[in-house]
Number of protein chains: 2
Amino acid sequence: MQEKTTGTKKRIRADAARNEDAVLEAAKTVFAKSGVDAPVREIAKAAGVGVGTLYRRFPKRSDLVVAVFKREVDACAADAKTLAKDNPPGVALSQWLRRYCRFIVTKKGLASSLHSGDPAFDALPDYFRSNFEPALQSLLTAAAKAGEARSDIDAFDLLRAIGNLASAGSQSGGDTDDPEQNEGMQHTYRMLDLMIDGLRFGRSAE
Amino acid sequence: MQEKTTGTKKRIRADAARNEDAVLEAAKTVFAKSGVDAPVREIAKAAGVGVGTLYRRFPKRSDLVVAVFKREVDACAADAKTLAKDNPPGVALSQWLRRYCRFIVTKKGLASSLHSGDPAFDALPDYFRSNFEPALQSLLTAAAKAGEARSDIDAFDLLRAIGNLASAGSQSGGDTDDPEQNEGMQHTYRMLDLMIDGLRFGRSAE
DNA sequence: TGATAAACGGAACAGTGTTCCGTATTTAAA
DNA sequence: TTTAAATACGGAACACTGTTCCGTTTATCA
């Protein structure tokens, strides 16, 4: 945050930045596949780095978990802007809700960590809300203004509702590795469509 | 259960029985001190046996946890009878409620296991209730009959109430190893006394 | 008392997290 | 471009885990 312009010594070495990125990317995948308790070596190998490199940057496991989580939140929130730019407001809205749904499902494993009492995770709920609420709010507003969605929906309420929907729905599910092919996931998508329709065709901008 | 009289082969060897007992006793202590995830070696050493002996009798950790739990339940329920024999009904009742309180506190660590979803623990809640409810019921009835307690209290309700009291109260607490000296424990005892007084002096046998 | 089955103990193995340091890479000065 | 210092890398090594396996000891009973 201050490496770019301030005088606080050097800036981060290129290879270090590259590796940090690789580790986060690998951790995302491994966490999704094997849970947040996956062996450190597995993550390091997937990232193509040594365990030392991983530990230097993320001394505690929670550091890595938090970093991955925030990164995913950022990516998902950023997609809201992208979708809004490339699609009609109503389409952007429903597309993003799907995107958000996938986010919730892949983070199902983290949920238990979040509520584990470890203070390392205390900041995450706020981070979650302060990123997603505005992202969804702007999609909602735009869609409402275009007459493509009702305007009486609270963004955070919707986030929670879909969150519950997705995390409950994906409990049951097939054995497939790909969550997209999962029975429970398909069910979740159908329920989500229901909500989207409600969003679209309910009593509109009153 | 069938080793004593039926013809199903031999009876248990004396040393085996002795060791099983030692392991359970040691596990109780170690679980209380270090939690249910304590290293197997620590339990084995405390029991004065090799890890092989421990594993032979308790192949899965949950086997040991369940056995310790049941044993403690048995002991606590048995104390109800003992106390009833050696004391006036009212005294027996309040003494046993204290005893039960201590049981709950030392089993705090197990609570998380119980609700961990592992089917190995599914039977424990029933075991708990079917032993404690009659035990307390008979104490309550005797005390009520002697005019030393009101008679409109449901045993299971009381068990639950005190359970909540104790497990919540012992959350906060000092650093002392001895739970008996713990700040939270003292608080719990005071609250328990309150309930006991209510039991004793409330509108009685109506 | 001795034969036999049962039980014992702990070495050995495999899989973790974590540290440490010789080596390699990047950076910036010359 | 060359070179020296700073920085980062990788993975061997260590400390602990759970778990298995089998040579040795012990209890039982004829």
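Convention: sequence-line order gives letters A, B, ...; per-chain numbering from 1. Remember, it's a predicted structure, so these values are computed and weren't measured experimentally.
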- Task: Could you tell me the separation between the CZ atom of A:R11 and the P atom of D:dT7, rounded to a whole number of Å?
- Result: 13 Å

- Could you check which of C:dG9, C:dA7, D:dG10 has an atom nearest any side-chain atom of B:T53? C:dG9

- Query: B:H115 side chain to B:A111 main-chain N or O, any donor-acceptor pair under 3.5 Å?
  - Reply: yes

- Hey, is the main chain of B:A135 close enough, under 3.5 Å, to the side chain of B:S138 for a donor-acceptor pair? yes

- Note on the structure: Per-nt protein contacts along nucleotides 12-22 of chain D (heavy atom under 4.0 Å; B base, S backbone sugar-phosphate only, - none) come out as BB---BBBBB-

- Task: Mind checking salt bridge (charged side-chain N to carboxylate O under 4.0 Å, His left out) for B:D63 and listing every partner two or more places apart, or none if nothing turns up?
- Result: none

- Query: So which of residues 16-26 of chain A are in contact with DNA chain C, with a heavy-atom cut-off of under 4.0 Å?
  - Reply: A:R18

- Separation of A:F58 atom CZ from D:dA8 atom P, in whole Å? 13 Å

- Message: Both B:R13 and A:A14 contact DNA chain C. Which one's nearest nucleotide lies toward the 5' end?
- Response: B:R13

- Nucleotide D:dA8, atom P - distance to CG of A:D15 in whole Å: 8 Å

- Is it true that B:D193 and B:R98 have a side-chain N and a carboxylate O under 4.0 angstrom from each other? yes

- Message: Just to verify, what does A:D154 make a salt bridge (charged side-chain N to carboxylate O under 4.0 Å, His left out) with, not counting sequence neighbours?
- Response: none

Scan the side chains in residues 51-60 of chain A for donor-acceptor partners under 3.5 Å anywhere in the protein, sequence neighbours excluded, and list what turns up.
none

- Parallel, tilted or perpendicular: ring planes of B:W96 versus B:Y100, cut at 30 and 60 degrees: parallel

- Considering just the side-chain nitrogens and oxygens of A:R57, establish if one lies under 4.0 Å of OP1 or OP2 belonging to D:dC9. yes

Contacts under 3.5 angstrom, residues 67-90 of chain B side chains, donor-acceptor by atom type, not counting sequence neighbours:
unit_1	atom_1	unit_2	atom_2	d
B:R71	NH1	B:E25	OE1	2.7
B:R71	NH2	B:D21	OD1	2.5
B:R71	NH2	B:D21	OD2	3.2
B:E72	OE1	B:K107	NZ	3.4
B:D74	OD1	B:Y127	OH	2.5
B:D74	OD2	B:Y127	OH	3.2
B:D79	OD2	B:R99	NE	2.6
B:T82	OG1	B:A78	O	3.4
B:N87	ND2	B:L83	O	2.9

